[in-house]
Amino acid sequence: MSQSSNGQVPEMPASSPGPSFDVLVVGAGFAGMYLLYRLRKLGLSARVVEAGGGVGGTWYWNRYPGARCDVESMEYSYQFSEELQQDWVWTERYAAQPEILKYAEHVAERFDLRRDIQFETRIESAMFDEARGRWRIEARTGFGDGKADTIVFDAKYFVMATGCLSSANMPAIEGIGSFAGPTYHTGQWPHDGVDFTGQKVGVIGTGSSAVQSIPIIAAEANHLTVFQRTANFAVPAHNAPLDPNVQAQIKADYRDLRERAKKNRNGIQYVPNDVSALEATADERRAEFQFRWQRGGLSFTGSFNDLLLDKNANDLAGDFVRDKIRNIVDDPEVAELLCPKSVLGCKRLCADTGYYETYNRQNVLLVDISNNPISRIVAKGIMVADRTYEVDAIVFATGFDAMTGSLLKVDIRGRSGLSLREKWREGPKTYLGLAVAGFPNFFMVTGPGSPSVLTNMLPTIEQHVEWISDLIRDAETKNVATVEATGEAEDDWCAHVNDIADETLFPTCNSWYLGANIPGKPRVFMPYIGFPQYVERCEKIAAANYAGFAFSRG
Ligand code: N01
């Protein structure tokens, strides 16, 4: 019999559960909202529970200055409703956070989703009751106003739709509590915004959130100090207002565009150049890199077919970007510090607007902490070695405990009290990134082992949600009591995810894809590489009566 992390098998609490549903979903981001829509269509009762005060998930929390999607708006949107995708009008090539949040709110209104969403309620634990074949899920409400209350939900199915980048990583730097001014995390930004006018600001981190916020903070603040541990690759986004004629053309071709996108590794519509960088001439390479740089955005990694497979090919792309940085940044020493040494695309590429140019401003200082970490935070500022950089406010752009953070915040227990935290002690194990052996009637949308963060999240979410809801429909039609991934299917899937990653350069740097940004987190490559192959595998499994899943009758 499996035991809990403290060696004891927890007992099912005696108290009778409260509200009862067919499906309890955690999270009212794009995944939770679409799942609710699908479950209603199946005639199932569902409740979505959300810690925030509104829908939108990542776009509800990430309100930092400059927050913007790095996938183009026309693609970073739902496609399940033709009317919705035809009606909605995007204003920019890459939508900013307020516009994406408005879109999420529109979807909630349009499909009348709010009546089944319970906001400001945080799920704390979920336990599978084997005797009843149902989940007992405990939540806390009222944590915002201090009048905390516990609610116990009862559900046959339990689905975590909590997103991959929703558990903020606040580094444990000594003295944080002694800082005299305000501190902010980009992933938990105040809803009323922050006015940095006249202030000295410190930004810690140089990932996507920092790359987007630094130019805007620099323009507003009196002085900005950026603390860089690892230089990151950024390519220009070339964001611009979306031409209504271009939008109309895309809408006329929407279905085909979506189908073309699904054939690409990352589920985004662009034309990858199926040529080796090593086989192209120097002129051909320069022309291709320049073409992609000029076009803007993440399709830069599609310049050649071996950039993420061969270090020598990757170095050629890296050299091109490093030359651009040296051309943009006036001070050669600062430019060298900004030149990444790592593999391009190994950490997520950033799409920027005026990032490198910001270091030409007189009020911006770049502090290299690659060899000298921040030693402590003091009342007046941030210390590196013996020097204190005085700041009035600190912005932590330090990322997330990605992919597993939000799942493991909830104490989830499957058969015999088996704890998910315990099961994943050596790293996450899933089947398809959607299910876990030992956890019946439990699913995750975009869990570790799914393509999620390496793709355009919206179509991936739609694929996961449709697949999970089809499986639930199948189970309900057959009057099944429990559906559960088998241990063998899970082992095979984990090995497959790792085998594919090992053929690429992805595991070669300390990225959050590997959990390397969180001290003590097991180093396991979490996302699945290849959206089309993933979809094909899911379809085959469904056609084979959900091979790899065990069904039980009550
Ligand atoms: O986080 P990150 P993010 N001391 O983990 C540094 C998505 N996103 O929020 O690289 C000093 O990338 C850390 O340094 P290092 C996107 O998928 C999308 O920026 O670990 N520094 C790094 O520089 C993205 O990849 C958009 O050495 C510390 C930074 O903090 C993901 O979210 C926009 C530190 C963290 O970078 C995460 O991006 C924004 C410490 N103790 C984000 N700890 C879109 O455009 C960490 N760092 C859709």
Side-chain angles (χ1 to χ4, degrees), residues 5-6 58 61-62 64 162-179 183-188 202-211 213 225-233 340-343 346-348 350 367-378 381-385 389 394-412 419-430 447-449 452-454 494 497-498 501 505-527:
S5 47
N6 61 9
T58 195
W61 298 105
N62 282 264
Y64 60 85
T162 39
C164 297
L165 296 160
S166 46
S167 183
N169 168 40
M170 197 65 166
I173 300 174
E174 225 185 300
I176 273 187
S178 65
F179 182 61
T183 59
Y184 307 98
H185 190 287
T186 46
Q188 294 172 334
V203 171
I204 302 175
T206 49
S208 302
S209 303
V211 163
S213 56
T225 310
V226 177
F227 297 85
Q228 173 184 274
R229 189 164 69 179
T230 312
N232 232 320
F233 281 103
K341 317 276 180 294
S342 53
V343 165
C346 179
K347 288 188 176 191
R348 190 180 172 103
C350 305
V367 178
D368 171 29
I369 55 167
S370 56
N371 295 317
N372 264 331
I374 294 170
S375 46
R376 60 179 296 125
I377 291 175
V378 293
I382 297 170
M383 281 186 77
V384 177
Y389 295 86
I394 302 176
V395 173
F396 288 87
T398 44
F400 303 90
D401 181 355
M403 304 203 76
T404 55
S406 294
L407 293 166
L408 296 181
K409 266 189 185 163
V410 179
D411 183 10
I412 301 174
S419 140
L420 191 63
R421 291 174 187 159
E422 184 61 29
K423 171 158 178 157
W424 286 5
R425 189 172 286 278
E426 306 294 321
K429 294 187 75 185
T430 72
S452 53
V453 289
L454 293 177
C494 293
V497 172
N498 280 296
L505 297 173
F506 275 112
T508 61
C509 67
N510 290 327
S511 68
W512 57 257
Y513 299 139
L514 277 162
N517 63 327
I518 303 295
K521 190 165 172 174
R523 195 181 170 99
V524 173
F525 193 79
M526 293 182 282

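The analysis underlying the following values was restricted to heavy atoms, covering all of them including side chains, and did not include hydrogens, waters or symmetry mates. Quick caveat: nothing in here was measured; it's all calculated off a predicted structure. We number each residue from 1, following the sequence as shown.
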Name the atoms and distances for all side-chain donor-acceptor pairs under 3.5 Å in residues 394-404, with sequence neighbours left out.
from: T398; atom 1: OG1; to: N169; atom 2: O; distance (Å): 2.7
from: D401; atom 1: OD1; to: K521; atom 2: NZ; distance (Å): 2.6
from: T404; atom 1: OG1; to: K521; atom 2: NZ; distance (Å): 2.9

Q188 side, atom CD; S166 side, atom OG - distance, nearest 0.5 Å
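Q188 atom CD to S166 atom OG measures 10.5 Å (nearest 0.5 Å).
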
To the closest 0.5 Å, what do you measure between CG (N517) and NZ (K347)?
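One finds 8.0 Å between CG of N517 and NZ of K347.
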
Please test I374 against I204 for side chain to side chain contact (heavy atoms under 4.5 Å, CB included), starting from the C-alpha separation and ending with a verdict.
CA-CA 9 Å; I374 294 170; I204 302 175; 3.7 Å; yes

Geometric class of the Y389/F227 ring pair [parallel <30°, tilted 30-60°, perpendicular >60°]
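Answer is perpendicular, since the angle exceeds 60°.
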
Student check: side-chain heavy atoms of [X] and [Y] closer than 4.5 Å:
X	Y	value
L514	F506	no
T206	V226	yes
P448	L407	yes
L420	L408	yes
S167	K409	yes
T183	I176	no

Specify the closest pair of heavy atoms between [X] and [Y], including all atoms of both residues, with the distance to one decimal.
X	Y	value
S178	I377	OG-O, 3.2 Å
N371	P373	O-CD, 3.5 Å
S452	G447	OG-O, 4.4 Å
D411	R421	N-NH2, 3.5 Å
V524	G427	CG2-CA, 3.9 Å

Is there a side chain to side chain contact (heavy atoms under 4.5 Å, CB included) between V378 and F179? Walk through the geometry before answering.
CA-CA 5 Å; V378 293; F179 182 61; over 6 Å; no

Donor-acceptor contact present, side-chain [X] to main-chain [Y], <3.5 Å:
X	Y	answer
S342	N232	no
R348	W512	no
S375	A385	yes

side-chain hydrogen bond (donor to acceptor under 3.5 Å, both in side chains) partners of [X], counting only residues at least two apart:
X	result
T162	none
T58	N62
D368	S370
E174	R376

Those residues that, when tested against C509, pass disulfide bond (SG atoms under 2.5 Å apart) (two or more places apart)
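Here the qualifying residues are C346.
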
Y184 ring center within less than 6.0 Å of Y64 ring center
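When the ring centroids of Y64 and Y184 are compared, they turn out to be at least 6.0 Å apart.
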
Test W424 against T430 for side chain to side chain contact (heavy atoms under 4.5 Å, CB included), laying out the working first.
CA-CA 9 Å; W424 286 5; T430 72; 3.7 Å; yes

Trace of the side chain to side chain contact (heavy atoms under 4.5 Å, CB included) decision for V497 with M526:
CA-CA 8 Å; V497 172; M526 293 182 282; over 6 Å; no

